[in-house]
Structures are given as structure tokens and as C-alpha cells.
There are 2 protein chains.
Amino acid sequence: MGQLLEKKACESRLGAIDDALYAIGGKWKLKIIIALKEGNKRFNELQRALNISARMLSRELKDLELNGFVERKVYTETPIVIEYELTEYSNSLSEILEALSSWGKKHRQKLIDERS
Amino acid sequence: MGQLLEKKACESRLGAIDDALYAIGGKWKLKIIIALKEGNKRFNELQRALNISARMLSRELKDLELNGFVERKVYTETPIVIEYELTEYSNSLSEILEALSSWGKKHRQKLIDERS
DNA sequence: CCGTATCCGACACGATACTG
DNA sequence: CAGTATCGTGTCGGATACGG
């Protein structure tokens, strides 16, 4: 009977989603990553691009660094410049990013259509 | 120059991700949907399957219904039974679900490997 | 420019108890 | 069983100010 198998599969997916949301859930993480896909950015550039407070940005960047998505680069030649750069590992998120943004686009269009 | 194009694309993706997170962000929405993929479920079944409080489940189900992902079905034959069922539209999330859970699985494995 | 510290309100989330 | 009401906690997240 497939019941049991289905249940196992479901539980496994639930756990996996948990892990994923724990790492990249929240309001900012994916958005920061998208912004950095455009190219390395400095702290203030990110802040302006995302309309995020310094406090949150600082926190989230640390978190992203700890989890291996982002690297903080310090160029010591004067003037000293600090940039944030995506790591190789962050590329593993591309499918998620693609799926989310393409769905978001369609969803927004649906909402617009319904209102008319 | 591709700079401008890239910037536009980035902003568009940021907006789309916003829309997506607004609709399906948070700790519970996707998990409820996954649980229902296994088959229709009653309130208490969902509660036990997800370890979610009645309060949150009630809220999230209303939200999911409003956004067209879930339908509340009432079977009036005694004994009266109330079930929650996924709508057709909820299938549009399958790519996201797939991407998230497969990434989550790999990510967890990575964490395990690193710890050894 | 790159952040950190502090204060504060809003809300996500949980536990418990309760109603029809 | 299907929810709602109440209460309490923690985190989210912004505003402002400040120091390296």
C-alpha cells in the first residue's frame, strides 16, 4: 500500500522544508542574496538597494556569512573598502530563487486580474 | 551596456520575491500545504501532523483560504465532517516546494558532513 | 563609510483554557 | 471535533544616536 510511503515522503519533505526555512527564511536573506547577484556591494549600497535598516542588515549579513552564503571582503589598499560577495555555495539557491520569483510574478498578475 | 538591464532584472526579481513571501512566507503556510498534499485532512489531524497550536492553525487556514490555496469543505451528512482540501491553484506552488525541499535536504547533509 | 547600542512598538508564536 | 479567547514571551524590525 502506498499510504505509508506517501506519509514517509511527506514527513521527509516537511523536515527538509524546515531546514530550508531555518537557513534562508525570514524577510531579508533571499533579498540580500538577490541584490548581491547583481555584483558585490558595500554595506551602504545594500542598505539603499533594499531599504533595510542598518541594524537588520548587519545581523543578516553575519548570519549569511556564518551559513556560508556570503563573504565579507576587506580591501586594505587605501582607501579601505569593504564589500560583500556571494560564495559559490549561494549558487545552490538558484532554483529556489527562480521558482519563487517566477511564481511571485504570476501570483501578482493573478491578483491584478481578479481585482478588475 | 548590460548594467542597466541587470539592475532592472534585479529589481523585478526583488519585487516578485516580496510578493511571493507575502503570500506564502512565514513558518506554517508551506508546511500546511505539504501536509494536505498527502490528502484532505481535518483540523485536529493537521494539528497533530504539524505540531502547530490551534490558534496558529486556525489563522493560517483562514489566510490560505483567502488566498485561494485551500478550501474548507463541510460534509453535512451526520456525523458532520469538516475537511481542508487543496485547490487547483495550490499546484502552482509545486516548483517552489520541490526546489525548497530538495535544497533543504542537501543543505542538511552538508551541515552533517561539516560537523564530522 | 561601517557598523553597534539602545529604545520601542508590532506581531508571530505558543500554552492553556474554554465554548458549541 | 472545530475552533475562539486570553495571556505571555520572544523575535522582528524601524528610528535614532553614537563610535571606530
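- Within 6.0 Å of NZ on B:K37 lie more than 12 heavy atoms contributed by other residues, nucleotides or ligands.
- At whole-Å resolution of the value, CG in A:L21 and C1' in C:dC13 are 15 Å apart.
- The separation between A:L57 atom CG and C:dC1 atom C1' is 13 Å, rounded to whole Å.
- Partners of A:Y89 by side chain to side chain donor-acceptor pair (under 3.5 Å), not counting sequence neighbours, listed by chain and number: B:H107.
- Looking at which nucleotide of DNA chain D each of B:R59 and A:I52 is closest to, the 5′-most match is held by B:R59.
- Atom C1' of nucleotide D:dC1 and atom OH of B:Y84 are separated by 11 Å, given to the nearest angstrom.
- Distances were taken from every side-chain heavy atom of A:R72 (C-beta onward) to each of C:dC13, C:dC2, D:dC1; the shortest belongs to C:dC2.
- Residues forming a side chain to side chain donor-acceptor pair (under 3.5 Å) with A:W28 (at least two apart in sequence, or on another chain): none.
- In this entry the distance linking CD of B:Q47 with C1' of D:dG3 reads 9 Å, nearest Å.
- Taking 4.5 Å as the limit, every side-chain heavy atom of B:T87 sits out of range of all side-chain heavy atoms of B:V70.
- Rounded to an integer number of Å, the gap from CZ of B:R48 to C1' of C:dG14 is 18 Å.
- Of the residues listed (A:R108, A:K105, A:K106), the one engaging B:D19 in a salt bridge (charged side-chain N to carboxylate O under 4.0 Å, His left out) is A:R108, and it is the only one.
- Near DNA chain D, meaning a heavy atom under 4.0 Å from it, residues 22-45 of chain A has A:K27, A:W28 in order of number.
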How does each nucleotide of nucleotides 15-20 of chain D score, in 5' to 3' order, for protein heavy atoms under 4.0 Å: base (B), sugar-phosphate only (S), or none (-)?
B-----
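- Between B:Y75 and D:dA2 there is no side-chain polar atom (N or O) within less than 4.0 angstrom of OP1 or OP2.
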With a cut-off of 3.5 Å and sequence neighbours excluded, list every side-chain donor-acceptor pair involving residues 109-116 of chain A.
unit_1: A:Q109; atom_1: NE2; unit_2: A:D113; atom_2: OD1; d: 3.1
unit_1: A:K110; atom_1: NZ; unit_2: A:E114; atom_2: OE2; d: 3.3
unit_1: A:S116; atom_1: OG; unit_2: A:D113; atom_2: O; d: 2.8

Paired and unpaired positions of DNA chain C as dot-bracket, Watson-Crick or G-U wobble under 3.5 Å, | denoting a partner strand
|.||||||||||||||||||
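- Looking at A:D63, its side chain never comes within 3.5 Å of a backbone N or O of A:R59 through a donor-acceptor pair.
- If you take CD1 on A:I24 and CZ on A:F69, they are separated by 6.5 Å, rounding to the nearest 0.5 Å.
- Following rounding to the nearest Å, A:E60 (CD) and D:dG14 (C1') show an atom-to-atom distance of 14 Å.
- Side-chain contact between B:D18 and A:K31 is present, with at least one heavy-atom pair separated by less than 4.5 Å.
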